[in-house]
Amino acid sequence: MPETPAPLTTGAVDAVLAWYEQSARELPWRLPEAGAWGILVSEIMLQQTPVVRVLPRWIDWMARWPSPADLAAAPTAEVLRAWDRLGYPRRALRLQDCARAIVRDHDGVVPHGEDALRALPGIGEYTAAAVTAFAHHDRAVVADTNVRRVIARAVQGDPLPARSSTAAERSRIAAAVPEDVPRSVRWNQAVMELGALVCTARSPRCEQCPLAAHSCAWVAAGKPAPQPGARRTQAFAGTDREMRGLIMAQLREHGAVAVTALDALDPTDPARVARCLASLLVDGLAVREDGRVRLP
DNA sequence: AACCCGGGGAC
DNA sequence: GTCCCAGGGTT
């Protein structure tokens with residue numbers, strides 16, 4: 001049995017909550033009028049996409065499709081155009097599928113409970129917990145990349161969280177969430193914000209950190225640097241992911257294009273273009289008809 | 001657990 | 001060029 005690090009003290013939690021009251025960003029999906037659906041939409045858009053890029057897309061999106069029923073009834077081609085360049089456009093398809101499932105199975109209302117949420121397309125462990133905490137104000141263990149980093153540093157003393165989560169990490173994150181429900185909701189929001197604004201991946205602002213006066217295991221350990229190359233980001237240039245994005249950009253701009261015209265996207269490798277087009281058709285992000293390709 | 005899935009901006 | 005971003009789904 002490995003030794004369990006000391007959990008955060010009540011004083012440390014209080015300090016983070018006080019910091020949040022003073023430092024939280026004013027984001028539109030944090031306003032009461034955003035509603036559970038607006039919060040759910042924001043969480044899907046924010047999967048692997050920074051806040052500043054989501055903001056304008058979310059505002060337009062919610063003005064256009066304020067309810068699950070509105071999005072469920074929208075033409076998918078319009079949904080993909082509105083998604084614009086947020087990336088991973090399969091998220092847009094899943095979000096519309098999610099809206100349709102909510103209409104079909106939940107009377108058009110975002111369901112309560114992490115199990116019911118996780119059953120919806122595009123909603124995994126993190127998003128189910130986030131909607132539960134931020135939309136329904138129930139206790140949940142929210143573990144996004146920000147929370148994982150704060151806990152890895154403050155509790156474990158590691159410079160960055162591991163690539164994939166472990167049961168032990170889950171346990172540490174859960175142990176930090178207060179039992180009191182309203183307090184747990186604020187903690188989840190606050191620790192996420194702390195990771196986003198202060199305890200950042202690179203160049204953390206430790207002088208602004210509310211935990212500095214309490215305890216941070218990483219600072220106590222002398223702020224060891226992460227192992228170089230330990231993260232290993234995915235390549236992008238020359239990959240299928242890049243080509244799929246180029247094809248989708250063509251479809252968003254022109255609506256439909258000749259299949260033969262797509263070869264111009266990479267004249268040196270027609271096989272790559274064909275492979276990526278095929279995968280987009282399989283994913284339902286594009287439709288082929290009469291030698292042309294268009295949005296679904 | 002490892003891999004695939006966009007795109008952009010900071011360094 | 002590298003790394004990061006309120007992850008999810010598939011194998």
Side-chain angles (χ1 to χ4, degrees), chain A residues 20 24-25 27-30 34 38-58 80 83-95 97-98 114 117-135 140-150 159-167 169 173 188-197 199-204 225-252 275-276 279-280 282-286:
Chain A
Y20 180 74
R25 292 168 291 183
L27 300 173
W29 45 82
R30 288 178 179 167
I39 290 171
L40 192 157
V41 170
S42 80
E43 293 298 343
I44 301 295
M45 289 184 172
L46 287 163
Q47 290 169 1
Q48 296 292 284
T49 305
V51 167
V52 288
R53 286 175 51 203
V54 165
L55 271 171
R57 296 297 106 235
W58 183 88
L80 288 171
W83 192 259
D84 197 39
R85 291 179 292 182
L86 287 179
Y88 297 140
R90 295 192 293 192
R91 289 184 293 164
L93 292 184
R94 293 199 186 107
L95 181 53
D97 286 341
C98 178
E114 294 187 63
L117 288 164
R118 283 210 56 163
L120 296 170
I123 298 191
E125 180 178 357
Y126 161 75
T127 304
V131 170
T132 295
F134 307 145
V141 178
V142 176
D144 78 324
T145 187
N146 293 303
V147 176
R148 293 187 63 214
R149 186 173 52 251
V150 172
L160 291 173
R163 237 165 143 51
S164 47
S165 191
T166 64
E169 186 196 20
I173 293 173
N188 283 318
Q189 193 70 271
V191 69
M192 261 176 70
E193 192 79 338
L194 185 65
L197 298 183
C199 193
T200 51
R202 285 173 299 187
S203 308
Q227 299 275 14
R231 310 286 292 173
R232 219 171 44 255
T233 65
Q234 299 172 342
F236 183 62
T239 62
D240 286 2
R241 236 160 66 251
E242 177 191 39
M243 177 55 61
R244 285 166 54 102
L246 291 172
I247 295 173
M248 289 302 295
Q250 291 291 310
L251 298 184
R252 283 196 306 269
R275 180 174 67 245
C276 290
S279 75
L280 290 172
V282 168
D283 286 348
L285 285 165

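Below, read A as the first sequence line, B as the second, and so on, with proteins coming before strands; counting in each chain starts at 1.
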*Asks:* Kindly state each residue pair satisfying salt bridge (Lys or Arg N to Asp or Glu O under 4.0 Å) with at least one member in residues 237-247 of chain A, sequence neighbours excluded.
*Replies:* A/D240-A/R275, A/E242-A/R272, A/R244-A/D283

*Asks:* Just grab all the side chain to side chain donor-acceptor pair (under 3.5 Å) pairs involving residues 42-54 of chain A, residues at least two apart or on different chains.
*Replies:* A/E43-A/Y126, A/Q47-A/T127, A/T49-A/R91

*Asks:* Taking salt bridge (charged side-chain N to carboxylate O under 4.0 Å, His left out) as the test, write out the residues that go with A/R30, two or more places apart.
*Replies:* A/E193

*Asks:* Could you tell me whether a side-chain N or O of A/R252 sits under 3.5 Å from a main-chain N or O of A/L80, the two making a donor and an acceptor?
*Replies:* no

*Asks:* Return the set of residues passing side-chain contact (heavy atoms from CB on, under 4.5 Å) with A/C98 (not counting sequence neighbours), or none when no residue passes.
*Replies:* A/L40, A/I102, A/L120, A/P121, A/I123

*Asks:* Whole angstroms only, please: what is the CZ-C1' distance between A/F134 and C/dA6?
*Replies:* 8 Å

*Asks:* Counting primed atoms plus P, OP1 and OP2 as sugar-phosphate and everything else as base, spell out the protein contacts along nucleotides 2-11 of chain B at 4.0 Å heavy-atom distance: B, S or - for each nucleotide, 5' to 3'.
*Replies:* --BBBBS-B-

*Asks:* With a cut-off of less than 4.0 Å, is there a side-chain N or O of A/R148 near OP1 or OP2 of C/dG7?
*Replies:* no

*Asks:* How long is the line joining CD1 of A/I44 and C1' of C/dA6, in whole Å?
*Replies:* 11 Å

*Asks:* Output a table of nitrogen or oxygen pairs between the protein and nucleotides 9-11 of chain C separated by less than 3.5 Å.
*Replies:*
| unit_1 | atom_1 | unit_2 | atom_2 | d |
| --- | --- | --- | --- | --- |
| C/dG9 | OP1 | A/G122 | N | 3.0 |

*Asks:* Categorize A/A201 for me: base, sugar-phosphate, or nothing, with a 4.0 angstrom heavy-atom threshold over every strand shown.
*Replies:* sugar-phosphate

*Asks:* Could you tell me the separation between the CG atom of A/L46 and the P atom of C/dG8, rounded to a whole number of Å?
*Replies:* 12 Å

